[in-house]
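For reference, the structure is listed below as structure tokens.
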Amino acid sequence: QVQLVESGGGLVQAGNSLRLSCAASGITFSSYTMGWFRQAPGKEREFVATISWSGARADYVDSVKGRFTISIDNAKRTVYLQLNSLKPEDTAVYYCAAKLRYASAYNYWGQGTQVTVSS
């Protein structure tokens, strides 16, 4: 049974930082690409960042480049998303997701963790 469990969300003031974690179980980590998505109230879910299982390749949506960093710890089977210089527009539920390396769509999702940034 595949499980992705996020943690680390919370309420912070603009300019501060958070680190989100996603603990994965039930998947062969080396066969998957991991990603983070977010969904703000009244908006569609959007891609935030992705990373290969080896950590060699990472990509970000333009709005977070230079502020967010995705990383992976294979020994702990955990993916992280470091959120720096947070802005109120970063407020959203953040979801961890996994897809087979050559698949087009993410097919495993976590339950989400709320990030709220006050101005």
Side-chain angles (χ1 to χ4, degrees):
Q1 182 181 358
V2 177
Q3 276 195 315
L4 302 175
V5 181
E6 302 99 332
S7 60
L11 171 62
V12 295
Q13 288 188 327
N16 284 351
S17 300
L18 282 174
R19 189 176 80 156
L20 307 183
S21 300
C22 170
S25 61
I27 60 174
T28 303
F29 227 37
S30 60
S31 298
Y32 283 80
T33 294
M34 304 299 294
W36 285 95
F37 291 74
R38 66 186 180 184
Q39 187 167 19
K43 295 187 177 181
E44 293 188 353
R45 185 168 57 194
E46 68 166 347
F47 163 80
V48 175
T50 185
I51 190 166
S52 60
W53 72 273
S54 66
R57 292 187 305 274
D59 194 17
Y60 302 86
V61 67
D62 285 346
S63 60
V64 308
K65 285 181 179 177
R67 300 189 299 120
F68 292 7
T69 303
I70 189 171
S71 60
I72 191 166
D73 185 330
N74 282 284
K76 294 183 178 180
R77 303 174 63 80
T78 299
V79 181
Y80 302 98
L81 186 66
Q82 178 69 39
L83 290 66
N84 295 332
S85 302
L86 282 161
K87 304 175 181 180
E89 52 263 42
D90 294 318
T91 294
V93 177
Y94 284 71
Y95 296 92
C96 176
K99 70 177 182 77
L100 288 167
R101 287 166 63 188
Y102 302 110
S104 58
Y106 286 82
N107 53 339
Y108 295 113
W109 295 86
Q111 82 288 351
T113 186
Q114 177 72 47
V115 172
T116 303
V117 185
S118 63
S119 57

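Residues Phe37 and Tyr106 form a side-chain contact, since some pair of their non-hydrogen atoms from C-beta on lies under 4.5 Å apart. Looking only at side-chain heavy atoms (C-beta outward), Phe68 and Val61 stay at 4.5 Å or farther from each other. At least one side-chain heavy atom of Thr69 sits under 4.5 Å from a side-chain heavy atom of Tyr60. The closest side-chain heavy-atom distance from Val115 to Leu20 is below 4.5 Å.
Applying the side chain to side chain donor-acceptor pair (under 3.5 Å) test to residues at least two apart or on different chains, the pairs with a partner in residues 17-31 are Ser17-Asn84. Contacts classified as salt bridge (charged side-chain N to carboxylate O under 4.0 Å, His left out) and involving residues 82-92 (residues at least two apart or in different chains) are given here: Arg38-Asp90, Arg67-Asp90. For residues 76-119, the disulfide bond (SG atoms under 2.5 Å apart) pairs, not counting sequence neighbours, are Cys22-Cys96. Every pair tested for salt bridge (charged side-chain N to carboxylate O under 4.0 Å, His left out) that includes a residue from residues 91-114 fails, sequence neighbours excluded, so the list is empty.
Every residue meeting the side chain to side chain contact (heavy atoms under 4.5 Å, CB included) condition with Val93, not counting sequence neighbours, appears here in chain and number order: Tyr95, Gln114. Every residue two or more places apart in sequence or in another chain that forms a side chain to side chain contact (heavy atoms under 4.5 Å, CB included) with Ala40 is listed here: Lys43, Ala92.
Shortest non-hydrogen contact noted between Val48 and Val64 is O-CG2, 3.9 Å.
Side-chain atoms of Thr91 come within 3.5 Å of backbone N or O of Val117 as a donor-acceptor pair. Remark: side-chain polar atoms of Arg77 are paired, donor with acceptor, to backbone N or O of Ile27 under 3.5 angstrom. The main-chain N or O of Met34 is found under 3.5 Å from a side-chain atom of Thr50 such that the two form a donor-acceptor pair. A donor-acceptor pair is defined here as one N or O able to donate and one able to accept, closer than 3.5 Å; such a pair exists between the side chain of Glu6 and the backbone of Gln111. Checking side-chain atoms of Asn74 against main-chain N and O of Trp53 turns up a donor-acceptor pair under 3.5 Å.
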